[in-house]
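Worksheet for the structure shown next.
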Amino acid sequence: MEFPRLRPRRLRQKESIRRLVRETRLSVDDLIYPIFVRHGENIVEEVPSMPGVFRYSVDKVVDAVKEVRDLGIPAIILFGIPEHKDEVGSDTWSHEGIIQRALRKIKKEVPDIYLITDVCFCEYTTHGHCGVLKGDTVENDLTLENLKKQALSHVENGADMLAPSGMMDGMVQAIRSALDSAGYYHVPIMAYSAKFASSFYGPFREVAESAPAFGDRRSYQMDPSNPREALKEVLLDVKEGADIVMVKPALAYLDIIAKVKEATLLPVCAYNVSGEYAMIKAGGRLGWIDEQKVMVETLISIKRAGADMIITYFAKDLAKLINSGALPL
């Protein structure tokens, strides 16, 4: 059948029919909200390059988490900014580390939020790289040993899920083995499986104070040009025991999200990163775009590509729109 009998516009005539045939829908259940915790007391400081995003001291983070919970968002992912950094990032496995203290406080006061922790070292090392250095090189296997200690410490202090992000070879296997040996076989791993060496991370590195002191991260994060290598990384993490795989960034990598979705039966997470957020916020403030509509269209595109869940700084904004029934489409 073809035109004039076939007319696709028939199903676009009114909002009611458009709703009935809509193929992709956003829900608060899709969302994970990133929260930054820093040393100090009585601190709630907005990030200049990321309007609406804040860094909280441990004594203030509970109120932020309660707001997320009350909006219906099921999970947060925690990032820490410690008071003291060293060559190996030892704050990451300290019982009194910034993440550990935040985990205990949140778990006690907001037990119904799902707690995910970023498992890496860049915010905690003096050099800003994601592991143990030998000369100017990140030493993969020594870093795995420290990742085990960090992972166990997070779980012991209340983490529900671990999200290793350093792109070390064998990191999922190392963490899975450490968890299982300690009796934490029930704790899932969400692997940053295809994490690209991207220029979209700039604002995050400001808020997390995690820019490398020298060089870059291209020896461990992925080349943006390589989709087949991304699938190799994802499938390796699946074999090593990942429960969820992630693509980061999201917006410039929708093709990777789609390929990963087709390649595995595991849930797929996408990280709508700081630079993607900042561009939309900046365009909205300048009046060049409709911020709300572009936000929604962006997040729909990520879900349409195949993401089952989205880490996004827009999570609260989107949840408020969904809850009010005013989602612009």
Side-chain angles (χ1 to χ4, degrees), residues 77 79 87-93 99 116-125 127-156 159-198 201 210 212 215-224 226-248 253 256 259-260 263-271 311:
I77 182 167
F79 299 90
E87 286 293 304
V88 295
S90 61
D91 191 89
T92 61
W93 62 80
I99 287 294
I116 307 168
T117 57
D118 179 76
V119 180
C120 195
F121 295 102
C122 56
E123 301 105 304
Y124 304 90
T125 56
H127 46 75
H129 281 282
C130 299
V132 179
L133 286 187
K134 272 195 169 182
D136 290 344
T137 302
V138 176
E139 215 296 322
N140 193 92
D141 294 6
L142 289 178
T143 300
L144 295 184
E145 295 305 310
N146 288 347
L147 279 172
K148 294 178 189 178
K149 293 189 287 187
Q150 182 182 169
L152 286 173
S153 181
H154 285 191
V155 173
E156 288 163 358
D160 296 306
M161 178 187 286
L162 302 177
S165 62
M167 290 297 290
M168 296 295 113
D169 293 341
M171 67 181 184
V172 173
Q173 178 177 291
I175 292 171
R176 184 74 271 159
S177 296
L179 292 174
D180 291 355
S181 296
Y184 295 118
Y185 51 84
H186 60 285
V187 175
I189 296 172
M190 177 168 66
Y192 287 67
S193 300
K195 181 179 180 180
F196 291 85
S198 172
Y201 302 149
S210 62
D216 53 42
R217 296 179 178 142
R218 289 183 293 175
S219 70
Y220 40 103
Q221 294 179 1
M222 285 191 55
D223 186 331
N226 294 357
R228 289 184 299 170
E229 185 184 15
L231 291 182
K232 179 173 73 174
E233 288 279 9
V234 166
L235 295 176
L236 282 171
D237 283 354
V238 173
K239 288 182 180 179
E240 290 180 17
D243 299 281
I244 299 170
V245 293
M246 188 195 302
V247 177
K248 179 183 180 183
Y253 296 85
I256 306 298
K259 290 177 186 291
V260 169
T264 177
L265 296 178
L266 293 186
V268 177
C269 179
Y271 199 139
I311 301 173

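The analysis underlying the following values was restricted to heavy atoms, covering all of them including side chains, and did not include hydrogens, waters or symmetry mates.
Looking at Phe121 and Leu147, their side chains come closer than 4.5 Å, going by heavy atoms from C-beta outward. Residues Tyr253 and Pro224 meet the side-chain proximity criterion, which asks for heavy atoms closer than 4.5 Å. Ile244 places none of its side-chain heavy atoms less than 4.5 Å from the side chain of Pro188.
Between Ala263 and Leu235, the closest heavy-atom pair is O-CD2, 3.8 Å. Annotation for Ile189 and Val172: closest pair CD1-O, 4.0 Å, computed over non-hydrogen atoms. The shortest non-hydrogen separation linking Tyr184 to Val155 is CD2-CG1, 3.5 Å.
Summarising the local packing, NZ of Lys232 is surrounded by 12 or fewer heavy atoms from other residues, nucleotides or ligands at distances under 6.0 Å.
Side-chain N or O atoms of Gln221 include none that pairs as donor or acceptor with a backbone N or O of Met167 at under 3.5 Å. With Ser153 contributing its side chain and Lys149 its backbone, the two residues share no donor-acceptor pair below 3.5 Å. A donor-acceptor pair under 3.5 Å links the side-chain atoms of Asn140 to the main chain of Asp169, judged by distance alone. Using a distance-only test at 3.5 Å, with no hydrogens or angles considered, no donor-acceptor pair links the side chain of Thr264 to the main chain of Val260.
With respect to Arg176 and Asp243, a salt bridge is recorded, a charged nitrogen being found less than 4.0 Å from a carboxylate O.
Screening Asp118, Val245, Ile311 for a side chain to side chain contact (heavy atoms under 4.5 Å, CB included) with Met190, the sole residue that qualifies is Ile311.
Between Met171 atom CE and Leu162 atom CG the span is 11.5 Å, to the nearest 0.5 Å. If you take CG on Asn146 and OG1 on Thr92, they are separated by 7.0 Å, rounding to the nearest 0.5 Å. Atom OG of residue Ser198 and atom NZ of residue Lys248 lie 9.0 Å apart, to the nearest 0.5 angstrom. If you take CD1 on Ile99 and CH2 on Trp93, they are separated by 15.0 Å, rounding to the nearest 0.5 Å. Here the CE-CG distance, from Met168 to Leu144, works out to 8.0 Å after rounding to the nearest 0.5 Å. Between Leu231 atom CG and Leu236 atom CG the span is 11.0 Å, to the nearest 0.5 Å.
Annotation: salt bridge (Lys or Arg N to Asp or Glu O under 4.0 Å) contacts of Glu229 (sequence neighbours excluded): none. Under the side-chain hydrogen bond (donor to acceptor under 3.5 Å, both in side chains) criterion, Lys259 pairs with no residue at all, not counting sequence neighbours.
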Audit row: Leu179, Leu152, side chain to side chain contact (heavy atoms under 4.5 Å, CB included) steps and yes/no: CA-CA 7 Å; Leu179 292 174; Leu152 286 173; 4.2 Å; yes
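In this structure, Lys195 fails the cation-pi test against Tyr271, since its NZ or CZ atom is not both closer than 6.0 Å to the six-membered ring centre and inside 45 degrees of the ring normal.
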